[in-house]
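Following: one structure in structure tokens, then a few remarks.
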There are 2 protein chains.
Amino acid sequence: MAHTDIATPATADAAGVKSARRAVELLEAFGANHAWLSLTDLHHHTGIPRSSLHGLLRTLRDVGWIESDEPGTRFRLGVRALICGTAYLDRDPVMPYATDALERLRDQVGYTCHYARLNGPDIVYLQTRESRTSAHLVSRVGRTLPAHATALGKVLLAELADDELTAVLPKNLAALTELTITDRDELRSELAFIRERGYSTERGESSADKACVAAVVPYRIPGTDAMSCSMPGDRVTDAELQKVGSLLRDVAADLSQQLRRAGIR
Amino acid sequence: MAHTDIATPATADAAGVKSARRAVELLEAFGANHAWLSLTDLHHHTGIPRSSLHGLLRTLRDVGWIESDEPGTRFRLGVRALICGTAYLDRDPVMPYATDALERLRDQVGYTCHYARLNGPDIVYLQTRESRTSAHLVSRVGRTLPAHATALGKVLLAELADDELTAVLPKNLAALTELTITDRDELRSELAFIRERGYSTERGESSADKACVAAVVPYRIPGTDAMSCSMPGDRVTDAELQKVGSLLRDVAADLSQQLRRAGIR
DNA sequence: CAACGCCATTCACATATATGAACGAAAACA
DNA sequence: TGTTTTCGTTCATATATGTGAATGGCGTTG
């Protein structure tokens, strides 16, 4: 059952247009569940009464943001959500510059390169250029990963002040592999080290047999965006990691200079 | 006002939950406009009263689907729209197979390859694998182009029956270049030819100096998905175009067999 | 410097939505 | 096959939202 507090007008959290909030809540439920969802499934996910869901779902389906099967009782995300959501990339003036920088970087190092942004405790991949030789692309535009478990995330977390870090980190640092840093103190000292050096590295912390290097793109303070190179973890030496790290730092510094010159913040 | 029937003239489908419909309408307005939008801008775009917009915008901002500047009077699309929208790709069981096929194709032909889906009169790019040597990627996941102006679109339009085609085509066939087919009869005969041959080609119809070949992935009837190769238009012969065309048809047929075997429709 | 126009915001009432309960159809179970 | 449960759908009313007009801040114009 949904608990709606009666007579609490002042709480900013519960404020807003209920159906609009619910529409978005539903879209996110669909984003998080890659199967057909029935009305009752959604009721369990969101706590919204089935009778209310009925109207909302038909509305969202009519505008093409969700699709239903022929009986009209199962639903899933529709193409319009993709079309509109990816427009985020077009509206962002950073992207053309970032893409160029990414291609230059990839052509120099030969590895798969990413551009990502911090969003709360997660990083969001915004753009990728794959290695000229790689087997398979692991990531995807729009995918999120826990910041503490990735080179990209760690270098961005290192931008935060101590209290900001505390505010942003989840209660439990989820382990993606056995090597993921799950201890807050360990993470803090890792971040201090990263801050010192100007780039972050990672071996098997986000995914086994993968190594990553990342550097912040310092066009904002604190930095929100970073670039990374992803490499085969078992075939890459520490020396190589560090060589790529300083190159990365240079390319990122270059990019941010371009951005600042273009007046982009 | 007591008149209920007469009072709902302009809005085509007035049914559904109004605020949910409007929330989505706003998101689409943000998707189509890559600048900061003020409340009044949005009023002009959508016709929604400013006072109503006020509440809706704050709600959408609070859930992170749009962002505002510090005064809180300008808005644009937020990251959550990207994160959720791109989940469309994960929920689609076709994608892993399509990606594999795309990589195989790219490695065989060496050109940039796309996987796309028909959505009304447009195609939507779902996945891309770039040429090992190409300079720059023109397309992007989630981007749409008019179907009649692209090889991908034409081969998918060729799947439709005559009345379906009539229903789906826009009134005016927009010209992306001077070579875009803008005449309906010309388009129809082109589609007949494509149907015959099993793949479509295009030279400079969507973009100057670009040539494309596309084939339907026949795992549904009518087909909704297609694969294409995009090549430098000035450096590619007709013979090459046709060679790639039949290879493409084979790869697409292969993929659809995999999909059918996996029970995906 | 004053008046104007533009715009976000607020308010009170009219309209739209939310929802618990009820219903019937279809699965699941026995 | 009979019974029970589950699920989507509908309805009437309580609640939330929509909206035109009014407000006041702010930058611009005369």
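The structure presented is a predicted model; accordingly, all values stated were derived computationally and were not measured. Each chain gets a letter, A, B and so on, in the order the sequences are listed, and its residues count up from 1.
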* Asked: Got more than 12 heavy atoms from elsewhere within 6.0 Å of CG, B:Asp163?
  ->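 More than 12 within 6.0 Å, yes.
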* Asked: Looking at B:Arg21 and A:Asp62, does any basic side-chain N land under 4.0 Å from a carboxylate oxygen?
  ->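 The answer is no: the pair does not qualify as a salt bridge.
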* Between A:Arg143 and B:Asp90, is there a salt bridge with N-O shorter than 4.0 Å? ->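 Salt bridge: yes.
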Quickly work out the [X] [atom1] to [N] [atom2] distance and round it to whole Å.
| X | N | atom1 | atom2 | value |
| --- | --- | --- | --- | --- |
| A:Asp69 | D:dC7 | CG | C1' | 14 Å |
| A:Leu57 | D:dT9 | CG | P | 9 Å |
| A:Leu42 | D:dT6 | CG | P | 18 Å |
| A:Glu25 | C:dA18 | CD | C1' | 14 Å |
| A:Arg21 | D:dT17 | CZ | P | 7 Å |
| A:His43 | D:dT6 | NE2 | C1' | 12 Å |
| A:Leu53 | D:dT10 | CG | P | 15 Å |

* State, yes or no, whether a side-chain contact exists between A:Glu25 and A:Leu56 at a heavy-atom distance under 4.5 Å. =>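 SC-SC contact between A:Glu25 and A:Leu56 ruled out.
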* Which heavy-atom pair separates B:Leu60 from B:Val63 by the least distance, and what is that distance? ->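 That closest heavy-atom pairing would be O-CG2, 3.2 Å.
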* Candidate pair B:Thr59 and A:Val24, rule side-chain contact (heavy atoms from CB on, under 4.5 Å), full reasoning -> CA-CA 10 Å; B:Thr59 304; A:Val24 165; over 6 Å; no
All N/O contacts under 3.5 Å from nucleotides 7-9 of chain C to the protein, with atom names and distances to one decimal?
residue	atom	partner	partner atom	Å
C:dA8	OP1	B:Leu39	N	3.4
C:dA8	OP2	B:Thr40	N	3.2
C:dA8	OP2	B:Thr40	OG1	2.4
C:dT9	OP2	B:His54	NE2	2.8
C:dT9	O5'	B:His54	NE2	3.0

* At under 4.0 Å, does any side-chain N or O of B:Ser19 touch on OP1 or OP2 of D:dG18? ->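 So the side-chain polar atoms of B:Ser19 do come within 4.0 Å of the phosphate oxygens OP1 or OP2 of D:dG18, strictly under.
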* Asked: Between B:Lys18 and D:dT19, is there a side-chain N or O to OP1/OP2 distance below 4.0 Å?
  ->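 Indeed, a polar side-chain atom of B:Lys18 lies that close.
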